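Have a look at the structure below, then the notes.
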Amino acid sequence: MKKQCLLFFSVMVLFFSLAGCSNNDQTKNPGEEMKEVTEERVELTISAAASLRDALTDIEASFEKEHPKVLVNFNFGASGSLQQQISQGAPADLFFSAAEDKFDELVQDGLIEEKNGIDLVGNELVLVVPKDSALGIKSFNDLAEADKLSIGTPESVPAGKYAKASLENIGIWKNIEEKVVYAKDVRQVLTYVETNNVDAGIVYKTDALISEKVNIVDTADENTHDAIIYPLGVVKDTSHPKEAKLFYDYLQNEKSMSIFEEYGFKGLK
């Protein structure tokens with residue numbers, strides 16, 4: 001009988017000991033796991049002009065190899081639309097605009113601090129036609145030969161604003177205004193030309209260079225439009241200031257600037 005009691009007592013002690021260890025592990029592990037997950041991955045949202053897509057995609061791959069704990073997500077679009085989104089409270093950690101005025105509006109509204117912004121790269125404006133075009137359009141002055149011309153919507157697309165200003169300054173805007181097909185961003189302009197939905201389009205040089213379906217036939221004189229400058233800045237209300245500054249600085253390093261230049265951008269820093 002004593003042996004049975006002793007055996008029973010030993011089994012109960014062992015049971016409660018294991019249960020205690022199990023409870024300790026259960027209360028400890030979830031917290032530790034959550035902490036590890038938090039420390040392992042931070043997600044950044046970068047609102048960037050559509051014309052930056054290819055260069056930034058390459059830079060992102062390089063950055064994430066060096067900083068695997070930071071995941072970079074891009075929100076590409078027209079700079080004016082992105083600026084309005086940020087003004088209305090849409091989440092963003094950095095803003096990379098294709099126009100100074102859209103960027104400056106956020107600075108004036110206190111959404112980006114001037115000390116956390118920089119004019120990083122520049123671009124050029126070019127006239128493109130489909131690769132197989134037979135209309136003989138060789139310059140801006142030949143646009144009278146086109147039935148349809150595409151540019152970005154000037155109110156929201158910086159490339160469209162620059163294009164309209166250039167056409168006005170060389171004196172042909174009024175003659176071709178009725179032929180214009182407006183696009184939501186510069187990449188849509190490029191698509192219209194590539195698919196022969198229009199006879200010509202005005203895009204950034206960097207966009208034209210990535211397409212095998214268009215020819216660059218002319219470059220707009222820089223004196224006919226405002227300087228094409230891409231400002232970059234950290235959004236003041238970022239949820240991840242440390243990581244946002246890390247990517248902000250990374251975009252300015254030698255490796256990133258080399259990638260920008262490979263895609264046709266001009267370094268300004």
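Just so it is clear, the model here is predicted, and its values are computed rather than measured.
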Which heavy atom in [X] sits nearest to a heavy atom in [Y], and how many Å separate them?
X    : Y    : value
V198 : P130 : O-CG, 3.9 Å
A183 : V189 : CB-CG2, 3.5 Å
L82  : A49  : CD1-N, 4.0 Å
I137 : A146 : CD1-CB, 3.9 Å
N175 : G171 : ND2-O, 4.1 Å
V234 : A244 : CG1-CB, 4.1 Å

Taking side chain as C-beta onward, heavy atoms only, is [X] less than 4.5 Å from [Y]?
X    : Y    : answer
I202 : L125 : yes
L106 : S87  : yes
V157 : I151 : no
V42  : K69  : no
L246 : F63  : yes

Would the distance check show the side chain of [X] and the main-chain N or O of [Y] forming a donor-acceptor pair, the cut-off being under 3.5 Å?
X    : Y    : answer
D221 : N223 : yes
Q188 : K184 : yes
S133 : V129 : no
N169 : A165 : yes
S97  : A99  : yes
S258 : E254 : yes

Same apolar cluster (I L V M F W Y, side chains within < 4.5 Å links), [X]/[Y]:
X    : Y    : value
L167 : V181 : yes
Y230 : I86  : no
L71  : L44  : no
L94  : M257 : yes
Y204 : V180 : yes

In terms of side-chain heavy atoms, does [X] have a donor or acceptor partner in [Y] at a distance below 3.5 Å?
X    : Y    : result
D58  : Y263 : yes
E66  : Y250 : yes
N123 : T206 : yes
S81  : Q85  : no
S211 : E194 : yes
D218 : S139 : no

Rounded to the nearest 0.5 Å, what separates atom [atom1] in [X] from atom [atom2] in [Y]?
X    : Y    : atom1 : atom2 : value
K255 : S62  : NZ    : OG    : 3.5 Å
D104 : E114 : CG    : CD    : 8.0 Å
Q83  : S156 : CD    : OG    : 10.5 Å
L149 : L143 : CG    : CG    : 5.5 Å
I216 : K205 : CD1   : NZ    : 7.0 Å
I118 : L268 : CD1   : CG    : 9.0 Å

Between F96, Y248, F265, which is the residue that forms a side chain to side chain contact (heavy atoms under 4.5 Å, CB included) with L120? F96

Exactly one of I46, L232, V107, I112 should register a side chain to side chain contact (heavy atoms under 4.5 Å, CB included) with F95. Which one does?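 So the option named by the test is I112.
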
With a 4.0 Å cut-off on N to O distance, would you call [X] and [Y] a salt bridge?
X    : Y    : value
E222 : K266 : yes
D54  : R187 : yes
K213 : D132 : no
E145 : K138 : no

Look at the rings of H225 and Y162 and say which category their plane angle falls in: under 30° parallel, 30 to 60° tilted, over 60° perpendicular.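 Rings of H225 and Y162: tilted, as their planes differ by 30° to 60°.
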
After noting the C-alpha distance and the side-chain angles of K179 and D199, does the key distance pass the salt bridge (charged side-chain N to carboxylate O under 4.0 Å, His left out) rule? CA-CA 10 Å; K179 301 179 179 183; D199 301 311; over 6 Å; no

Assess the pair F76 and F74: is the distance between their ring centroids shorter than 6.0 Å? yes

